[in-house]
Each structure stands twice: as C-alpha cells, then as structure tokens.
Amino acid sequence: MINLAGRDILHDGPKFVLTGLGLGLLIGVTLSMAGVYRGMIADGRALLDNSGAELWVVQQETLGPYAEPSSLYDDVYRSVLTVPGVSQAANVTYLTMQVRSDREDVRAMVVGMAPGPAGTPGWPPYLVSGRQVTRSHYEAVADIATGFRLGDRIGIRRHEYTVVGLTRRMVSSGGDPMVFIPLKDAQGAQFLRDNDAVLQGRRRTAQNPAFNRAGAPAVLDAVIASQNVSRSVNAVLVTLKPGVDQADVAKAIERWKRFTVYTRAQMEAILVGKLIATAAKQIGMFLVILAIVSAAIVAFIIYTMTLGKIREIAVLKLIGTRNRTIAGMIMQQAIALGVIGFVVGKIAATFWAPFFPKYVLLMPRDSLIGFFVVMVICVLASLIAIRAALGVDPAEAIGG
Amino acid sequence: MSAHTLTQIPTDGIVIEGLTKRYGKGDTAVDALKGVDMYVAPGEVVGLIGPSGSGKSTLLKCLGAVIEPTSGRMTLGQDVIYDNGWRIDDLRALRRDRIGFVFQAPYLIPFLDVTDNVALLPMLAGVPNRESRERAVELLSALDVAHRASAMPAQLSGGEQQRVSIARALVSRPPVILADEPTAPLDSERALSVIRILHEMAHRFQTAVIVVTHDEKIIPTFKRMYHIRDGRTHEEIGEGREIGATLNV
Ligand SMILES: Nc1ncnc2c1ncn2[C@@H]1O[C@H](COP(=O)(O)OP(=O)(O)OP(=O)(O)O)[C@@H](O)[C@H]1O
Ligand SMILES: [Mg+2]
C-alpha cells in the first residue's frame with residue numbers, strides 16, 4: 001500500500017511547507033516563551049550560586065535582599081562571625097540603577113562587596129578578563145552583558161569608576177547585569193544625599209538645643225559626622241564551616257541576633273516562588289493562548305485541505321477505501337504539519353534566543369514536552385477534518 | 001415482457017428484478033424507481049437511457065451499493081446482493097472487488113500518478129505494490145495510455161483521463177462496470193473511442209457493463225438498451241453499429 005498522506009503532501013509541497021513554516025514560527029515563539037521562563041529561573045539560581053553564600057542574614061521579617069528591601073547595620077557581620085559554625089560573613093549591598101558610560105546608559109545591579117581576600121562572599125567568583133577590585137575606591141568589575149570594556153570609565157551617582165575586570169553570568173533576578181564596586185563606595189551611592197539636603201540637615205541639627213550645647217561644641221560635630229556616614233548594608237552573606245548544618249546555624253543566628261536568616265533552599269523558594277511567580281503565570285497564560293492559536297491554525301488548515309479533497313474522498317470511499325485509511329491519511333497530514341512546524345520552531349527559537357536582551361534558556365525537556373503537546377494538538381485538530389471526511393457520502397461520487 | 005427476459009437469464013452477469021426505490025417519507029416521498037427489471041450478460045455493454053429525473057442515477061447508486069433499494073432483488077454473478085430489505089454485509093468490499101465505476105468526470109486522485117491511480121484499488125485490497133503496478137501498466141497498455149503512465153492526472157487530456165479511469169474500473173477484474181455518462185465531456189471522436197474501449201474490455205474480461213448516457217453519438221453502438229421512464233425500465237433492441245478501428249484517439 002502506498003502512503004496517501006505522503007503523496008498528497010508531495011503533490012501540494014510548497015503550500016504544505018509554507019503552512020508548516022508559519023506554524024513553525026508560532027511554535028518557535030511558544031518555545032521561546034518557555035525559554036524566557038526557564039531563563040528567569042536560571043538567572044535566579046545564578047544569582048544565588050554566584051553570591052557564594054550559604055546563608056543570607058537580612059532585616060527581621062523581610063524577604064530581602066532580592067525580593068524586598070532590607071537594611072542592617074554594617075557591623076552586624078562581626079557578631080555573626082562569632083556564631084559557631086560560621087566560616088565567613090561579609091556585608092553586601094544591592095542597588096539596581098542606571099550606570100553611565102561614554103557609549104550608553106546601562107541598567108545594572110550595582111553590588112557593593114566587602115573588602116577581603118578573593119573568594120569573599122559577594123565577590124564575582126570568576127573573571128573572563130582583567131582583575132578583581134584591589135583598591136578600596138572607584139574601581140569596578142562589570143558583567144560583560146553591560147557592554148563595558150576594560151578601562152572604561154563608568155559613572156555611578158556622582159562618582160566615576162574604572163572597569164578593571166569583566167565577569168559573566170552575574171545577573172540580578174530581573175536579568176540586569178551586575179557591576180561590582182567596593183562596599184564603601186556602594187554605601188555612599190545608595191544613601192547619598194545631595195548637598196542641599198546635607199546643609200539643611202546640619203542647620204536643623206544645630207538648631208536642636210540638645211545637640212548644640214554651650215560649652216560642648218564637640219557634641220554637635222560628632223552628631224553631624226555620624227549623620228553623614230552611611231552605616232547600612234542590605235544583607236550579610238555567610239559561608240559555613242564544612243559539615244555544619246545550614247538550618248542549625250540559621251536558627252542560632254535568628255534566635256540570638258534577632259535577624260531573619262535564609263538558607264539557600266529558602267532563598268530559591270523566595271526567588272522562584274514569589275519573585276518570579278507572577279511572571280511565570282503571565283508566561284503560562286501566553287503559552288495557553290499560543291497553544292490554542294496553534295490548534296486553531298492546524299485545525300483550520302487541515303480542515304480546508306480536507307474540504308478541498310471532498311470529491312477525491314468520495315471516490316476513494318466509493319471504490320472501497322476503508323474509513324480507517326482515510327482518517328489515517330488526514331491524521332498523518334496533521335502530524336506531518338506538526339513535525340515540520342516543530343522542527344522549524346525549534347530551529348527558529350535556537351536561532352533567535354541569543355538576540356533576546358535577557359537570558360533565554362531552551363531546555364531539551366521543554367522541547368520534548370512541546371513536541372508532544374504539538375502532536376496532541378495536531379491529532380485533536382485533525383479530528384474535525386476526519387469527521388467531515390467520514391461524513392462524505394460515497395454516492396456523491398456518482399452524482400445526480 | 002420482463003418474464004420473457006427472465007427466462008433467458010444464465011447464472012452470471014447482472015440481474016435486477018422488481019427493484020423499487022423511494023426517497024423520503026410521507027408527503028414528501030419520491031418514488032424514483034417503481035419496478036426495474038434488467039439483465040446484463042457478462043461481456044455485454046448495455047445502454048441505459050431516459051429523460052432527466054427518470055431514475056438513471058438512482059438505479060446506478062442501488063447497483064453500486066451506495067444507497068439501499070426499498071424493495072426488489074439484485075444478483076451479481078452467483079451472489080444475491082440485495083433481496084427485499086436484506087443486503088450483504090460488506091458493501092465496501094463489494095464495491096472494491098466486484099464493481100468498477102466510471103464517471104462523467106474521471107475523478108482521478110490528483111496527487112497520485114497515472115499508474116498509482118489505477119494500482120490503488122488492488123493495493124487497497126492488499127495486493128503488493130509491485131504486482132498492483134504491473135497490473136495497472138498492463139491495462140494502461142491495453143488502453144493505449146501506457147506512455148503517460150508516470151504523468152500526473154492534471155497533465156492528461158480529457159480523453160486520456162477517461163481511459164485511465166476505465167483502467168481503474170477494470171483493474172480488479174470486476175464482473176460489473178457502471179459508467180455514468182462517461183462520454184459527456186468528450187468530442188464525438190473521443191467519445192466513440194471510449195465506448196469502443198468499453199466494448200473491447202467487456203468482451204476481453206467478460207465484464208457486464210451498464211452505460212448511462214444521453215449521448216446521441218454513442219446510442220447507436222448498443223446492441224441492447226434499457227429505456228427508463230418514470231421509474232420503470234423498457235428493454236429495446238439497439239442498432240449495435242460497429243465502431244471503426246479508424247476512430248483511434
Ligand atoms: N436524495 C434524493 N432525495 C429525494 N429525491 C431524490 C434524491 N435523489 C434523486 N431524487 C429524485 O428521484 C428522481 C430520480 O432522480 P435521478 O437522479 O435518479 O434521475 P436521473 O435519471 O439520474 O436524472 P438526470 O438525467 O437529470 O441525471 C428525481 O425525481 C429526483 O428528484
Ligand atoms: Mg443522473
């Protein structure tokens with residue numbers, strides 16, 4: 001027996017391939033959508049991995065530092081270091097902002113990293129070129145996704161920094177590339193007030209009789225000095241000694257120091273479950289709509305192709321073709337359309353993924369699921385056409 | 001009259017006795033066939049003529065096992081295929097193996113080449129592809145279209161298409177061929193050629209052929225005809241004129 005579906009497709013080649021191409025682009029969009037979602041999760045994980053932390057100490061009862069604002073005094077890390085089981089504890093600040101360069105402004109997450117040896121939590125774990133920050137001011141390490149190059153002068157708030165190193169895959173949970181600068185600079189940038197505000201603050205303090213005491217002028221100076229030094233950070237990143245249980249140490253810090261402490265697993269749950277959750281639902285909605293649109297297109301195309309063959313189907317039935325053979329022919333065509341569409345879609349998605357501004361992660365598992373969904377959609381969509389074909393009366397071939 | 005015909009019936013060919021067909025029910029019912037008696041011997045080509053609405057297509061559909069008669073009896077070869085409400089089970093296989101159809105338009109499958117259009121029937125019946133194609137090519141040669149064997153239907157002339165559709169009707173050597181106005185779209189030369197081929201093939205394969213036609217050009221070629229008027233058949237003796245071998249297409 002010859003394959004009727006295949007012969008029909010060959011005969012109608014260009015039309016069929018063009019249709020498959022159109023469907024393929026739609027499937028490509030669908031796969032990319034899934035890729036965008038996977039990319040968000042991967043970005044979140046990269047953020048946690050690359051921070052080098054095992055525990056995050058944040059302001060009490062906040063989901064900080066990535067999902068909610070969190071503020072701690074910058075000497076908290078010292079007392080955390082005394083907790084048994086803690087190996088390293090380092091301050092960190094995160095601030096998403098515009099970073100200026102000669103070429104263009106870049107939206108980036110500015111990370112303030114605590115001084116210390118390389119490998120201190122919060123530092124970029126590897127560089128693709130250049131070196132780590134060695135001076136305590138005005139040097140920066142940037143993710144290559146910022147487009148900055150070694151030696152570039154970049155502006156963060158009122159100060160200029162020199163890019164001394166480049167790293168990669170260091171992104172915020174929103175997908176913005178990171179720029180690492182010394183903690184002191186970052187604290188300055190984060191809590192920097194303009195000059196007028198500073199002057200007004202001084203005047204107000206000076207008018208307060210409690211601070212401005214006759215005979216004790218040093219009190220006023222000390223108060224003003226303390227007001228203009230930022231002593232806040234967003235979190236303390238903690239690493240543990242080998243063999244220590246994360247949950248035990250977290251509990252100890254929480255109880256004793258009255259902070260909220262998250263383990264790696266809890267942090268991931270916050271990022272994926274809370275921060276990305278709405279975006280995931282948004283994308284899920286898109287996937288559902290795209291699936292319905294694809295199904296409608298396949299159904300419409302297969303139905304029209306079948307209606308165009310009603311005469312031939314009547315003849316096939318008259319000369320004794322089994323219903324099964326006719327249904328099989330239509331279903332095979334729907335499946336062929338799906339396969340062409342999937343292959344085109346997969347190639348298209350792979351081709352255009354690197355051009356997306358944020359990370360698009362195409363997972364083989366998603367493709368496999370996508371393939372099966374496409375197949376199911378094609379089979380279901382062909383049912384309408386099969387119904388129409390089986391309803392054809394062989395007597396129609398004889399005519400009036 | 002019908003009794004006279006019935007006495008001569010051998011045990012094969014097509015035999016139709018007292019066939020009736022009513023479309024619809026109640027007030028809107030139409031009695032398309034009111035008592036048809038007909039006999040076609042193996043190897044014989046019989047004309048079926050009649051005015052529009054007289055029931056020609058209805059009779060072909062009953063014989064072609066695509067609609068069910070209301071009463072009467074039909075016999076194909078040794079087998080009764082319909083008897084007063086009883087019908088054989090597998091109509092699909094009956095159509096596939098025992099009846100060849102030729103239509104006014106050739107209705108070839110546009111996505112299969114000429115050979116496969118003809119070979120499709122035996123393939124559907126489970127004959128291996130190679131053997132099916134051999135049979136097809138053999139018939140195409142007999143019908144003088146072997147040189148177009150690998151062409152697509154759309155590339156053939158009307159006459160060539162009609163000969164291919166005759167080859168398709170003949171390929172499973174059915175005892176019966178039903179042809180519904182097979183010459184309507186053809187000019188007289190081609191029309192006569194198609195009829196000559198039907199006569200030749202009927203003789204060669206001992207097939208009983210019924211040709212429904214309005215075509216004045218081909219009516220004189222029948223030795224015997226049935227005239228159908230108002231749902232009833234009347235047997236007539238035709239001229240049986242020879243078609244010259246010069247009428248090659
Ligand atoms: N499906 C149907 N339902 C109801 N009546 C029908 C149906 N098919 C045919 N008829 C009626 O049966 C009668 C015979 O029709 P039929 O098609 O057999 O005529 P015909 O001889 O083939 O005519 P023509 O030469 O115009 O093709 C007509 O009166 C027609 O209206
Ligand atoms: Mg008719």
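Per chain, numbering begins at 1; letters A, B, ... match sequence-line order.
When each of Arg322(A), Lys309(A), Lys317(A) is scored by its heavy-atom pairs under 4.5 Å with chain B, the top score falls to Arg322(A). Most heavy-atom pairs under 4.5 Å with chain B: of the set Val315(A), Asp8(A), Asn323(A), this distinction falls to Asp8(A).
Counting all heavy atoms, side chain and backbone alike, Leu318(A) lies closest to Arg95(B) at O-NE, 2.9 Å. For the pair Val66(B) and Asp393(A), the tightest heavy-atom approach, listed with the atom from each and the gap, is O-OD1, 4.4 Å.
For chain A, the nearby part of Leu108(B) is the backbone; its heavy atoms alone come within less than 4.5 Å. Looking at Arg130(B), neither its backbone nor its side chain comes within 4.5 Å of chain A, counting heavy atoms on both sides. In this structure, no portion of Ala314(A) lies under 4.5 Å from any heavy atom of chain B. Both the backbone and the side chain of Arg7(A) come within less than 4.5 Å of a heavy atom of chain B. Looking at Leu121(B), only its side chain comes within 4.5 Å of chain A, counting heavy atoms on both sides. In this structure, the portion of Phe101(B) lying under 4.5 Å from any heavy atom of chain A is its side chain and not its backbone. Contact of Leu4(A) with chain B is made through backbone and side chain together, with heavy-atom distances under 4.5 Å.
Enclosure of atom CD in Gln282(A) is not indicated, since only 12 or fewer non-hydrogen atoms of other residues, nucleotides or ligands lie within 6.0 angstrom. Within 6.0 Å of atom CZ in Arg387(A), 12 or fewer heavy atoms from other residues, nucleotides or ligands are found, so the atom counts as exposed in its surroundings. Within a 6.0 Å radius of CZ in Arg22(B), no more than 12 heavy atoms belonging to other residues, nucleotides or ligands are found. Counted within 6.0 Å of CZ on Phe205(B), heavy atoms from surrounding residues, nucleotides or ligands total more than 12; the atom is thus considered enclosed. Annotation for Arg229(B): atom CZ counts as buried by contact number, over 12 foreign heavy atoms lying within 6.0 Å. For Phe300(A), the CZ atom counts as loosely surrounded, since its 6.0 Å shell holds 12 or fewer non-hydrogen atoms of other residues, nucleotides or ligands. Counting non-hydrogen atoms of neighbouring residues, nucleotides and ligands closer than 6.0 angstrom, the CZ atom of Phe356(A) exceeds 12 such neighbours. No more than 12 heavy atoms of other residues, nucleotides or ligands sit less than 6.0 Å from atom OH of Tyr303(A).
Although no hydrogens or angles enter the test, the distance criterion places no donor-acceptor pair under 3.5 Å between the side chain of Arg96(B) and the main chain of Ile319(A). His11(A) places a side-chain N or O within donor-acceptor distance of the main-chain N or O of Pro110(B), the cut-off being under 3.5 Å. With Arg92(B) contributing its side chain and Gly320(A) its backbone, the two residues share a donor-acceptor pair below 3.5 Å.
Rounding to the nearest 0.5 Å places CG of Leu124(B) at 6.5 Å from OG1 of Thr325(A). Here the straight-line distance linking atom CG of Leu120(B) with atom CD1 of Ile2(A) works out to 5.5 Å at 0.5 Å rounding.
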Could you please spell out the steps behind the side chain to side chain contact (heavy atoms under 4.5 Å, CB included) verdict for Glu312(A) and Tyr107(B)? CA-CA 7 Å; Glu312(A) 287 76 28; Tyr107(B) 294 152; over 6 Å; no
